[in-house]
Number of protein chains: 2
Amino acid sequence: MAVVAAELHDAVEVRLADDDQRYTSGRRALVELLAVAHRPLTVAEVLERADGLTQSSVYRNLSLLEHAGVVHRVVTEDEFARFELAEDLTGHHHHHLVCSSCGTVDDFTLDASLEEALDDALASAASTVGFEVRQHRLDLVGTCRRCRR
Amino acid sequence: MAVVAAELHDAVEVRLADDDQRYTSGRRALVELLAVAHRPLTVAEVLERADGLTQSSVYRNLSLLEHAGVVHRVVTEDEFARFELAEDLTGHHHHHLVCSSCGTVDDFTLDASLEEALDDALASAASTVGFEVRQHRLDLVGTCRRCRR
DNA sequence: ATTTATGCAAATCGTTTGCAAACCT
DNA sequence: AGGTTTGCAAACGATTTGCATAAAT
């Protein structure tokens, strides 16, 4: 009853193996959940959507998956950490729309050519101060459609 | 013995007054500290640099200053919130270099023309999904000069 | 059989808050 | 005096961790 492509799980399994970790059913359930949500989820949201998952194991496994490069942690001004699949697993580079009214974080993408220009400009600006860029994070903070009216 | 321009304090006082708040000496000390640090500071860093400031008042006043639009809260992957003066007070739009090794957050600026192109592209991309952008946040995550070697 | 993962409950730690004393105006 | 701010210590809450049991190899 896989909702997600088998290749995703294969790739996850490889990354976990590289980190000497097993791909247990709880971890698989987390990956499934994050794959079908099209936005980063909080631990509370994960627990609502899954049963059989326990809070401490969710925290532990999300950290472990993060360490293995499977999952990425998203932080915003609010008090909850959010988690999404790593971009290089989904092949889907994206940014976030952070609603300062309800806290929800949604994904969105930027035009590829602008993205490229941005990347180049960032890398060169950073190198002048001796900083080596591994990743950029571009979030838009504002008001989402549902909170607009 | 003002280390910072008097106009800054005047502007802060106005914003606080608009929010029915007084500009007390503790709050003034916070503004002074944030003005001379050229990067966002954690509460621990604030307490190291100032004496006469107490932890709970620092937290309380930073929140209050944030509410009045004087101070901006910066969150990163690590466990500490950081604070800086609001950009429209300093007149200095900037971004952050977040070192994933030591956690330090430094300021840096982007070429004005790129910044403008980015702003336009972001606003139009966001509007297609009904999101109203108030602010963008662009952080570079990587390794700072000191952690490089 | 030995190692690793899980679930529960307790601990951790940055941050928030209640309350009484100090400070303005 | 009347209202606000401060300092201290206690409370809070998201996350982490210790430990005993269950699962995997």
Side-chain angles (χ1 to χ4, degrees), chain A residues 9 12-13 15-34 40-68 70-84 103-105, chain B residues 9 12-13 15-34 40-68 70-84 103-105:
Chain A
H9 289 299
V12 170
E13 189 157 25
R15 293 201 186 190
L16 285 173
D18 284 350
D19 210 26
D20 289 314
Q21 300 291 352
R22 299 176 185 161
Y23 199 18
T24 65
S25 63
R27 293 170 192 172
R28 182 176 267 262
L30 282 176
V31 170
E32 290 273 341
L33 274 176
L34 296 181
L41 298 181
T42 62
V43 168
E45 289 171 329
V46 167
L47 290 171
E48 285 164 12
R49 283 168 170 66
D51 38 38
L53 293 190
T54 225
Q55 197 189 49
S56 62
S57 291
V58 168
Y59 275 114
R60 253 191 291 238
N61 284 327
L62 286 171
S63 294
L64 184 149
L65 289 165
E66 183 185 20
H67 185 268
V70 173
V71 151
H72 180 232
R73 178 186 306 255
V74 178
V75 296
T76 69
E77 258 77 18
D78 77 6
E79 57 255 86
F80 309 101
R82 290 176 168 76
F83 298 87
E84 63 187 3
T104 302
V105 179
Chain B
H9 289 299
V12 171
E13 189 157 23
R15 293 200 186 190
L16 285 174
D18 284 350
D19 210 25
D20 290 313
Q21 300 292 352
R22 298 177 186 163
Y23 198 18
T24 65
S25 63
R27 293 169 192 173
R28 183 174 267 263
L30 281 176
V31 170
E32 289 273 341
L33 275 175
L34 296 181
L41 299 181
T42 62
V43 168
E45 288 170 331
V46 167
L47 290 171
E48 284 164 12
R49 283 166 171 68
D51 37 40
L53 293 190
T54 225
Q55 197 189 49
S56 62
S57 291
V58 168
Y59 275 113
R60 253 191 291 236
N61 284 327
L62 285 172
S63 295
L64 184 149
L65 289 166
E66 183 186 20
H67 185 267
V70 172
V71 151
H72 181 231
R73 179 186 305 255
V74 178
V75 296
T76 69
E77 257 77 17
D78 78 6
E79 56 254 87
F80 308 102
R82 290 175 168 77
F83 298 87
E84 63 185 4
T104 301
V105 179

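Just so it is clear: chains get the letters A, B, ... in the order the sequence lines come, proteins before strands, and each one is counted from 1.
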Assert: residue with more 5' nearest nucleotide on DNA chain D, out of B:R22 and A:A81, is B:R22
[X] [atom1] to [N] [atom2]: how many Å, rounded?
| X | N | atom1 | atom2 | value |
| --- | --- | --- | --- | --- |
| A:E66 | D:dT15 | CD | C1' | 13 Å |
| B:Q21 | D:dG3 | CD | P | 16 Å |
| B:L53 | D:dG7 | CG | P | 7 Å |
| A:H67 | D:dT15 | NE2 | P | 19 Å |
| B:N61 | C:dT16 | CG | P | 12 Å |
| B:D20 | D:dG3 | CG | C1' | 13 Å |
| A:F80 | D:dA14 | CZ | P | 5 Å |
| B:E79 | D:dT15 | CD | P | 12 Å |

Over all strands shown, is [X] touching base, sugar-phosphate only, or nothing at heavy-atom distances under 4.0 angstrom?
| X | result |
| --- | --- |
| B:A44 | nothing |
| A:Q55 | base |
| B:R27 | sugar-phosphate |
| B:S56 | base |

From the set [options], return the single nucleotide nearest to any side-chain atom of [X].
| X | options | result |
| --- | --- | --- |
| A:R60 | C:dG18, D:dC19, D:dT5 | D:dC19 |
| A:V43 | D:dC8, C:dC24, D:dT15 | D:dT15 |
| B:T54 | C:dC24, D:dC8, C:dT4 | D:dC8 |

Closest to the 5' end of DNA chain C, once B:S25 and B:Y59 are matched to their nearest nucleotides, is B:Y59
Can B:H9 and B:E32 be counted as having a side-chain donor-acceptor contact under 3.5 angstrom? yes
Looking only at heavy atoms, the pair that brings A:L62 and A:V71 closest together is O-CG1, 4.2 Å
Here the pair of heavy atoms bringing B:Y23 nearest to B:E13 is CD2-CB, 4.1 Å
When A:V43, A:V46, A:V74 are each screened for side-chain contact (heavy atoms from CB on, under 4.5 Å) with A:F83, the one that passes is A:V43
Worksheet entry | Donor-acceptor contact present, side-chain B:T42 to main-chain B:E45, <3.5 Å | yes
